[in-house]
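In what follows, every chain begins at residue 1, and chains take the letters A, B, ... in the order their sequences are listed.
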Protein chains: 2
Amino acid sequence: MLLYQEIRQYLFALIAKHPELKKLPSERELLEKFQSTRITVREALTRLEAEGVIYRQNRKGWFICPPRLKWDPVQKVNFGQLAQDQNFTALTQLVSFETAVAQEWLAQTFELNTASKFHNVCRVRSLDERPVMVEEIYCLASQFHDLQHKPLEDSITTIFAQDYGVNITHERSSLVVTAIPDDKADVLNVNSGALCLKIIRKRFNQHDELVDYNIEYWVHSAIEIEVDSK
Amino acid sequence: MLLYQEIRQYLFALIAKHPELKKLPSERELLEKFQSTRITVREALTRLEAEGVIYRQNRKGWFICPPRLKWDPVQKVNFGQLAQDQNFTALTQLVSFETAVAQEWLAQTFELNTASKFHNVCRVRSLDERPVMVEEIYCLASQFHDLQHKPLEDSITTIFAQDYGVNITHERSSLVVTAIPDDKADVLNVNSGALCLKIIRKRFNQHDELVDYNIEYWVHSAIEIEVDSK
DNA sequence: CAGTGGTCTAGACCACGAT
DNA sequence: TCGTGGTCTAGACCACTGG
């Protein structure tokens, strides 16, 4: 068997045997144990990372993945509630809030001209202290006046409905597997180029008007999508 | 800027400027051009691979990704039709057909005992000659007698309905990002450990009975999931 | 401060692909 | 046969983390 496969197998068995383990041995411990080099050890580690078995935090080490959050994009369930149902401690934090005139792609998405002003909310969500998702939300500044003074760590959908009388009735989501952009990797404290599931959500009101445009980057090993269809 | 980022940028621009290009320069050409080493060149290449911009075929080289197939798991659209609508030439091929008593996990999924016999159909699907998905389908041998003599390159759903009077009325899907198992990597002609989107589909009839259990492995850069929700 | 992962050099041999 | 990527060695210096 290939050496990096042997190392992978060893670590896989180690994880299975010690479910209470959180952190793996360091790369240098592993290369000594297997009389090998860092290149080979890292090949085994990145393989397990791709499989979603382990993850790294920048320069801190390699850690064992907890169970994935199961999420149904079709059901409109509150993130905090969903996490709690699955025995996670959930946390949402505001990263930044900006209001500015639209970039071209954004104006086009909303079918408006580039003079329109938009809010841009950036938030990060964690499960049991581990950041797992960062999102950008774009919505019209004229439609959501004073949004910056609302409790932006809570459900945006609820704020839209209760404070502005805007109800989301349907949405269109797109999912792709890709590498996370560097600025988002910093927020999640993952390595540059980490794998993610990128979800773009366009949400509409009953008049079929676009209310908000949402880009979510999920740490790939932290989530499992579940969809029911009739 | 980091060297591997420079190489990545160069290749990214090269691809943008020459959309007609199919294959990248070899790793050794690139390391000469950048006066670097294979480790660093491969860091740039695997980054672009994770982003879904390029892909490799085992020992053949690095290739530029064509547009992704857009697919809605909720709509029940025929694969061939969907591909044709998006200007792909689609092909489904039978890889293997076996009938055997159930392994434990399978029997449990169907809530039957391990003496039950199951069909196991393995198929591979290609877009414009590029294999993009391999799937395993499990269904009860007693329910689908002589299935091996049906046209298994066509829609299984249609065969179930027309030849056996079994109609799929609803299903439950689960999606995770992971690394593809080695036996499936061989079928798709991708490298060991390649990224994939793994979709498990349980499909039911009107009596809420499980009809088939389906595991799909999609090449991650070949697909984009689209979901509408009310 | 010592230990961690992040990046990088300069090679090597191999299996497999195209020809 | 020769070029490709797949695997591997034996180091190096750096930025950042944690005690």
Can you measure [X] atom [atom1] to [N] atom [atom2] for me and round it to whole angstrom units?
X	N	atom1	atom2	answer
B:Glu27	C:dA10	CD	P	17 Å
A:Leu31	D:dT9	CG	C1'	11 Å
B:Leu2	D:dA15	CG	P	11 Å
A:Trp62	C:dG5	CH2	C1'	9 Å
A:Leu30	C:dT4	CG	P	10 Å
B:Met1	C:dG6	CE	C1'	17 Å
A:Arg42	C:dC8	CZ	P	12 Å
B:Phe63	D:dT4	CZ	P	12 Å

Checklist outcome for this item: By nearest-heavy-atom nucleotide on DNA chain D, the more 5' of B:Asn58 and A:Lys60 is B:Asn58
Can a salt bridge be assigned to the pair [X] and [Y] using a cut-off of 4.0 Å between side-chain N and carboxylate O?
X	Y	result
A:Glu171	A:Lys202	no
B:Glu43	B:Arg8	no
A:Glu216	A:Arg201	yes
A:Glu153	A:Arg123	no

Counting only side-chain heavy atoms from C-beta out, which of [options] sits nearest to [X]?
X	options	result
B:Arg38	C:dC8, C:dG5, D:dG5	D:dG5
B:Arg59	D:dT9, D:dT4, C:dG6	D:dT4
B:Arg28	C:dA10, C:dG5, D:dG6	D:dG6
B:Ser36	C:dT9, D:dT9, C:dG6	C:dT9
A:Glu29	C:dT4, C:dC8, C:dG5	C:dT4

Mind checking [X] for me? I need base, sugar-phosphate or nothing, with any heavy atom below 4.0 Å counting as a touch.
X	result
B:Ser192	nothing
A:Ser26	sugar-phosphate
A:Ile39	base

Item to check | C:dT9 OP1/OP2 closer than 4.0 Å to side-chain N/O of B:Thr40 | outcome: yes
Checklist entry - Does the side chain of B:Arg56 get closer than 4.0 angstrom to OP1 or OP2 of D:dT4 through an N or O atom? => result no
Checklist entry - Going by atom types alone, do A:Arg47 and B:Ser192 pair a side-chain donor with an acceptor below 3.5 Å? => result yes
